[in-house]
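Here is the naming used below: chain letters follow the sequence lines, and residue numbers restart at 1 for every chain.
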Amino acid sequence: MVEKETIKQIQKKRVDWEKQKYSKAISENPERKQKFKNLSDIEIKNLYTPEDIADLEYLKDVGFPGEEPFLRGVHPNLYRGRLWTMRQFAGFGSAEETNKRYHYLLEHGETGLSVAFDYPTLYGYDTDHPLARGEFGKCGVAISSLLDMELLFHGIPLDKITTSMTINGPAAIVWAMYIANAENQGIKKDKIGGTIQNDILKEYIAQKSYIFPPEPSMRLIVDTFEYGFKNIPKWNTISISGYHIREAGSTAVQELAFTLGDGIEYVKAAMKRGLSIDDFAPRLSFFFNAHNDFFEEIAKYRAARRIWASEMKKLGAKKQRSLWMRFHTQTAGCSLTAQQPEMNIVRVTMQALAAVLGGTQSLHTNSMDEALALPSEKAVRIALRTQQIIAEESGVTDTVDPLGGSYYIEWLTSKMEEETYKYFDKVERLGGVIPAIEKGFFQREIAESAYRYQKETDENKRIIVGVNRYKLDEEPSIPILKMDEKGEERQIHRLKKLRSERDATKVQNHLQRLRKAAEGDENLMPFILDCIHSYATLGETCDVLREVFGEYKEQAIF
Amino acid sequence: MIKKIRVLVAKPGLDGHDRGAKIVARALRDAGMEVVYTGLHQTAEQIVNTAIQEDVDVVGLSLLSGAHMTLFIDVALLLKEKQMDDVLIVGGGIIPQQDVPGLKKAGIAEVFGPGTPVEDIVSYIKKNVKR
């Protein structure tokens with residue numbers, strides 16, 4: 001971006017500066033560490049100058065927002081037009097309790113909904129299944145049928161608000177419940193919008209809420225892609241997620257590389273089915289973590305946009321919209337401390353700011369009490385207010401990609417891109433994403449990074465305020481969310497009543513048809529929708545697929 | 001020769017968060033213990049059966065889903081029922097302080113929350129192992 005002659009002068013000046021100024025400075029004030037490294041173990045230099053980005057051509061490698069390579073953002077005017085969607089991931093107990101929390105959040109200025117489901121729901125079990133013991137409503141809301149879905153969104157206009165649902169194994173079924181609920185309210189399918197996470201690869205890799213083996217899982221995902229662009233054009237039929245990979249302990253580079261690698265795998269699977277890339281690619285979305293190292297995170301989001309645009313072009317995408325890497329961000333749950341929990345407000349603020357400076361489309365800010373329990377009302381309000389302060393008071397939204405052109409940020413963006421391609425090569429050599437999962441490659445890479453991070457913290461090489469430095473003798477206590485103890489009883493009662501009152505023959509017929517279709521190769525979405533409309537439960541619908549597809553089991557390695 | 005301490009690291013219930021369990025398993029192994037890791041999605045019966053088969057001295061339970069008041073206690077009760085009272089039971093995960101007394105009463109000897117240095121877990125086990 002700078003003339004070659006100028007670069008030469010800078011190089012020369014740099015050598016002088018190191019020799020004279022810098023060495024004198026460090027002899028007077030020795031550096032705090034031998035090496036400065038970010039969380040991806042990339043060594044950070046003392047200073048960045050135009051020399052470090054001498055290879056970048058502005059128009060080709062950086063460009064303008066809304067134009068290739070989309071490094072500076074997918075929208076030309078970004079937050080000068082519309083702010084990011086403030087979307088707090090929420091769900092606990094019964095549908096009624098969670099519905100109250102949604103109304104509370106919307107009243108306080110939240111602009112999108114995001115559903116957290118409990119473990120039985122994530123695994124496709126009804127609340128009264130033996131394996132659901134102890135888990136009802138614990139880390140999300142329990143949704144066993146369309147009836148629960150109706151209660152969950154009671155009083156919320158589904159044609160006006162978008163909803164993101166963190167659901168993977170049974171994503172097609174839970175999505176069908178959302179669609180059916182809207183249809184029953186007389187809302188046309190093309191009027192609803194939102195996202196299903198629907199990203200099974202990262203479940204095998206990191207989050208572990210899988211049900212079926214890879215092949216039928218990928219089939220179900222491609223079914224939703226196809227059904228989505230044909231019927232529900234405003235729906236993001238996948239949210240390809242690095243968040244959980246990071247939470248499981250990966251570095252930022254691993255998060256970036258594994259997530260985009262998964263994305264490419266989904267595109268290939270859909271193309272193999274015969275879908276045209278420009279039909280489904282515009283509805284692919286992403287989900288990243290915002291961890292502690294501020295600039296590293298910003299560089300990660302920017303690199304993701306450039307890599308994705310380039311890879312999609314290589315795969316044959318023609319529409320500009322197909323090249324967009326749009327993403328949601330959540331601040332890092334694993335960075336929250338149980339010690340001095342109020343300090344988490346500060347951590348979350350910086351992480352959220354990184355996401356905004358990285359150009360996120362939507363954002364969840366964690367609550368300060370989440371290393372202890374699900375968030376209380378007050379804690380979640382503070383988390384939402386944090387976003388509102390960044391949006392309304394800080395001024396960072398006034399210009400697009402404010403850090404673009406920073407020598408350090410541009411260098412780090414390119415460096416992370418380079419490291420990502422090294423991982424792409426490694427995975428390629430293992431035969432692709434699914435063979436690499438089966439060989440435990442990602443799982444081992446992540447476990448190694450997690451262990452290293454823990455060791456560095458235990459050895460005080462990495463400082464966590466309140467945990468290994470600046471500790472208090474007596475920890476302050478903060479109020480913890482109390483759940484309605486009668487919720488589970490009510491839910492089981494509702495489920496039993498539903499099973500006895502619905503048209504049992506109709507349910508059985510639809511489940512039978514679904515089974516037949518699953519044994520063949522038709523798109524399963526219409527069959528699943530019929531089951532859901534007849535009030536077949538989540539567990540019953542999922543059991544049919546379990547019987548046809550089998551279940552995935554992973555090797556226990558540590 | 002001193003007998004090595006045998007530990008079962010177990011993940012009860014549906015919770016898939018295994019970062020902590022794997023780190024602890026590896027740290028205990030590095031500290032010279034023999035470690036068996038159950039993997040995910042274990043019922044209380046499966047955990048207790050493995051504990052008996054592997055003849056372990058310690059059972060370490062990890063849960064981040066919030067189901068500890070049911071599932072940790074299920075394991076503790078079942079171990080007692082099988083006359084495995086001399087097995088040291090410890091737990092860890094996202095566990096609010098207010099739940100700790102109830103867990104201790106049920107036989108979970110110690111609960112380790114987020115931010116615990118693994119060395120604390122190692123030395124606790126070495127000091128308190130009963131067999």
Side-chain angles (χ1 to χ4, degrees), chain A residues 92 118-120 122-123 125 130-140 203 206-210 244 247-249 333-334 336-339 369-374 443 446-448 450-451 453-455 457-460 464 466-468 471 475 477-478 480-481 483 553-558, chain B residues 9-30 35-46 50 62-75 92-100 111-122:
Chain A
F92 56 91
D118 72 352
Y119 264 109
L122 293 175
Y123 284 97
Y125 297 123
L131 288 176
R133 184 173 155 72
E135 304 276 8
F136 167 81
K138 284 292 192 304
C139 58
E203 295 296 333
Q207 181 72 0
K208 312 294 170 76
S209 306
Y210 38 68
H244 319 80
E247 288 292 297
C334 62
L336 300 175
T337 63
Q339 295 74 16
D369 50 0
E370 289 187 74
L372 303 164
L374 290 189
Q443 299 90 316
I446 295 168
E448 279 302 318
Y451 194 63
Y453 187 87
Q454 180 69 36
K455 260 190 110 130
T457 311
D458 285 356
E459 290 165 0
N460 285 352
I464 312 285
V467 173
N468 57 6
K471 292 191 264 190
E475 284 293 334
S477 85
I478 56 169
I480 297 293
L481 175 77
M483 284 194 235
K553 291 266 177 284
E554 78 159 10
Q555 245 187 307
I557 40 168
F558 68 90
Chain B
V9 174
K11 286 286 304 172
L14 298 174
D15 179 30
H17 296 92
D18 57 2
R19 175 178 180 166
K22 284 167 148 180
I23 286 175
V24 170
R26 190 158 155 186
L28 298 180
R29 190 181 61 194
D30 288 355
V35 180
V36 179
Y37 171 49
T38 61
L40 297 171
H41 311 149
Q42 301 288 303
T43 62
E45 288 75 15
Q46 286 170 318
T50 312
S62 162
L63 207 47
L64 286 83
S65 72
H68 47 271
M69 291 312 280
T70 308
L71 300 180
F72 279 10
I73 294 172
D74 281 357
V75 173
I94 303 288
I95 293 163
Q97 208 49 42
Q98 71 212 34
D99 291 347
V100 174
V111 175
F112 300 99
T116 306
V118 284
E119 192 44 46
D120 289 6
I121 303 173
V122 171

Quick check against the 3.5 Å criterion: does A:E135 have a side-chain atom that pairs as donor or acceptor with the backbone of B:L14?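 A pair under 3.5 Å: yes.
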Whether A:Q555 side chain and B:G39 backbone form a donor-acceptor pair below 3.5 Å: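 Here the side-chain-to-backbone pair does not exist.
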If you tally heavy-atom pairs under 4.5 Å against chain A, which of B:S65, B:P96, B:A27 wins?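 Counting heavy-atom pairs under 4.5 Å, the top option is B:S65.
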Test log, rule side-chain contact (heavy atoms from CB on, under 4.5 Å), inputs A:D458 and B:E119: CA-CA 8 Å; A:D458 285 356; B:E119 192 44 46; 5.7 Å; no
Within-4.5 Å side-chain heavy-atom neighbours: [X] and [Y]:
{"X": "B:V9", "Y": "A:F558", "answer": "no"}
{"X": "B:D30", "Y": "A:Y451", "answer": "yes"}
{"X": "B:T70", "Y": "A:R133", "answer": "yes"}

With a 4.5 angstrom heavy-atom cut-off, which part of B:D99 approaches chain A: side chain, backbone, both or neither?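 Neither part, no heavy atoms under 4.5 Å.
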If you count heavy-atom pairs under 4.5 Å with chain B, which of A:H244, A:E203, A:E448 comes out on top?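 Heavy-atom pair counts peak at A:E448.
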Is there a side-chain contact (heavy atoms from CB on, under 4.5 Å) between A:K138 and B:H68 once you walk through the steps? CA-CA 10 Å; A:K138 284 292 192 304; B:H68 47 271; over 6 Å; no
Please set out all donor-acceptor pairs under 3.5 angstrom arising from side-chain atoms of residues 17-25 of chain B, sequence neighbours excluded.
from  : atom 1 : to     : atom 2 : distance (Å)
B:H17 : ND1    : A:Y119 : OH     : 3.2
B:H17 : ND1    : B:D15  : OD1    : 2.6
B:D18 : OD2    : A:K208 : NZ     : 2.8
B:R19 : NH1    : A:E247 : O      : 2.8

With only heavy atoms counted, which part of A:F136 is less than 4.5 Å from chain B, the side chain, the backbone, both or neither?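 For A:F136, there is no contact with chain B at all, as no heavy atom is under 4.5 Å.
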With A:E475 via salt bridge (charged side-chain N to carboxylate O under 4.0 Å, His left out) - residues at least two apart: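 Applying salt bridge (charged side-chain N to carboxylate O under 4.0 Å, His left out) to A:E475 gives none.
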Minimum heavy-atom distance between A:G134 and B:A67, given as atom pair plus value: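 In terms of heavy atoms, the two residues are closest at O-CB, 3.0 Å.
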